[in-house]
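Nothing fancy with the numbering, it's 1 onward along the sequence. It should be emphasised that the depicted structure is a prediction, and the values quoted were computed from it without experimental measurement.
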Amino acid sequence: MGFSFQDTHYNIAAGDYVILPNATLASDFTASDDFQGILMNLSEAFVTSIAIRSNYGIIGHLSLLRNPVMKLSERDFRICEAALQYLRMRMEEEKHFFREELLGSLLTAHILDLYDIHARSHRDLQVSERVTSLLRGFIELLYNGEYIRNRALEFYASRLCITPHYLSEICKKVSGKPASYWIDRFTMQEITRLLRQKGLSMTEIAEQMNFSSVSYFSRYVQKRLGVYPTEYRNNLLKDNRPDR
């Protein structure tokens, strides 16, 4: 199986566990004829309601935004597969008087197992409650589309009442990337989505993304993709052209 996430393509092998923290950022799903998998869809409200020791939720979230594929050991794969199969079986018990509470507890246990798998590869990372709150606020601003109107690091730092340097430092400590990386990543995800819409001109895209000029928009894209937006679009058209 394969898919694209934030303009990066991933090929999935047997035993991989894919977690999409934001499914709207994924596209171009493909699967082989013999593909088999288990799919689970969780509400954000449920996931965020789980209190995780050491505020691990935000660490995992940022990590999954960078790479949503977890490579499982044989032992971890068996644990996850058994948990999901058991959840599927218990979901069929619609007459259970405490069905919602039961499924919530089973899902919580499974999510804690996933956090444990991820945390084993990030043993040295500890995050305070304040840093967790700041990073959650930063990511929420991006999810709310602020990158369309504001791409300056100073804007986000001001909204969070901290310095730009401190915002970049805590982002780098938790995710391995500075705050500017995340601003650019959300911005480029939206730009490439718009470039796929052939009916939009470069001027219209630049205006939608609040760039002061088409030339500035082109330089911004070229610096981050290595090609100008017109070239990127032309390459997309070539890739989608039917064989003759």
Original post:
Salt bridge or not for Glu81 and Arg78, using N-O below 4.0 Å?
Top reply: no
**OP:** Please name the residue in the list Phe211, Tyr232, Phe186 that meets the side chain to side chain contact (heavy atoms under 4.5 Å, CB included) test with Ile191.
**Re:** Phe211
**OP:** Evaluate the criterion side-chain hydrogen bond (donor to acceptor under 3.5 Å, both in side chains) for residue pair His9 and Asn11; output intermediate values, then yes/no.
**Re:** CA-CA 7 Å; His9 189 76; Asn11 291 314; 3.3 Å; yes
Original post:
Side chains of Thr203 and Ser201: donor-acceptor distance under 3.5 Å anywhere?
Top reply: no
Original post:
Would you say Ser158's side chain and Glu154's backbone share a donor-acceptor pair under 3.5 angstrom?
Top reply: no
Original post:
Relative to each other, are the rings of Phe29 and Phe3 parallel, tilted or perpendicular (30° and 60° limits)?
Top reply: parallel
**OP:** State whether the side chain of Asp116 and the backbone N or O of Leu112 hold a donor-acceptor pair below 3.5 Å, judged by distance alone.
**Re:** no
Original post:
Take atom OH in Tyr166; do more than 12 heavy atoms of anything else shown fall under 6.0 Å from it?
Top reply: yes
**OP:** Flag yes if more than 12 heavy atoms outside Met91 fall under 6.0 Å of its CE atom; otherwise flag no.
**Re:** no
**OP:** Grab the two heavy atoms, one from His110 and one from Ala83, that are nearest each other, plus how far apart they are.
**Re:** ND1-CB, 3.7 Å
Original post:
Which heavy atom in Leu135 sits nearest to a heavy atom in Cys171, and how many Å separate them?
Top reply: CD2-SG, 3.6 Å
**OP:** Quick one: closest heavy-atom pair of Met70 and Leu114, and the distance?
**Re:** CE-O, 3.9 Å
Original post:
Do Arg224 and Tyr220 meet the cation-pi criteria used here (NZ or CZ under 6.0 Å from the six-membered ring centre, within 45° of the axis)?
Top reply: yes
Subject >> NZ on Lys223 to CE on Met188, rounded to 0.5 Å >> reply: 12.5 Å
Subject >> Partner set under ring-ring contact (aromatic ring centres under 6.0 Å, His included) for Tyr228, not counting sequence neighbours >> reply: none
Subject >> Arg233 and its side chain to side chain contact (heavy atoms under 4.5 Å, CB included) partner, picked from Ile205, Thr192, Leu194, Val227 >> reply: Ile205
Original post:
Under 3.5 Å, is there a donor-acceptor pair between the side chain of Ser133 and the main chain of Arg130?
Top reply: no
Original post:
Roughly how far, to the nearest 0.5 Å, is CD1 of Ile12 from OG1 of Thr30?
Top reply: 9.5 Å
Original post:
Just by distance, with hydrogens left out, do Ser73 and Asp76 show a side-chain donor and acceptor under 3.5 Å apart?
Top reply: yes
Original post:
Does the distance from a Lys or Arg side-chain N to an Asp or Glu carboxylate O, for Arg159 and Glu146, drop under 4.0 Å?
Top reply: yes
Original post:
Can you tell me how far OH of Tyr147 sits from OH of Tyr156, rounded to the nearest 0.5 angstrom?
Top reply: 9.0 Å
Original post:
Salt-bridged, Arg193 to Glu190, with N to O below 4.0 Å?
Top reply: yes
**OP:** Determine the minimum heavy-atom distance between Ser168 and Ala179, stating which atoms define it.
**Re:** OG-N, 3.7 Å
Subject >> Side-chain donor or acceptor of Asn150 paired with backbone N/O of Ala152 under 3.5 Å >> reply: no
**OP:** Would you give the length of the straight line joining atom CZ of Arg149 to atom CG of Leu141, rounded to the nearest 0.5 angstrom?
**Re:** 9.5 Å
**OP:** Quick one: pull up CD1 in Ile38 and CG in Leu84 and give me the separation to the nearest 0.5 Å.
**Re:** 5.0 Å
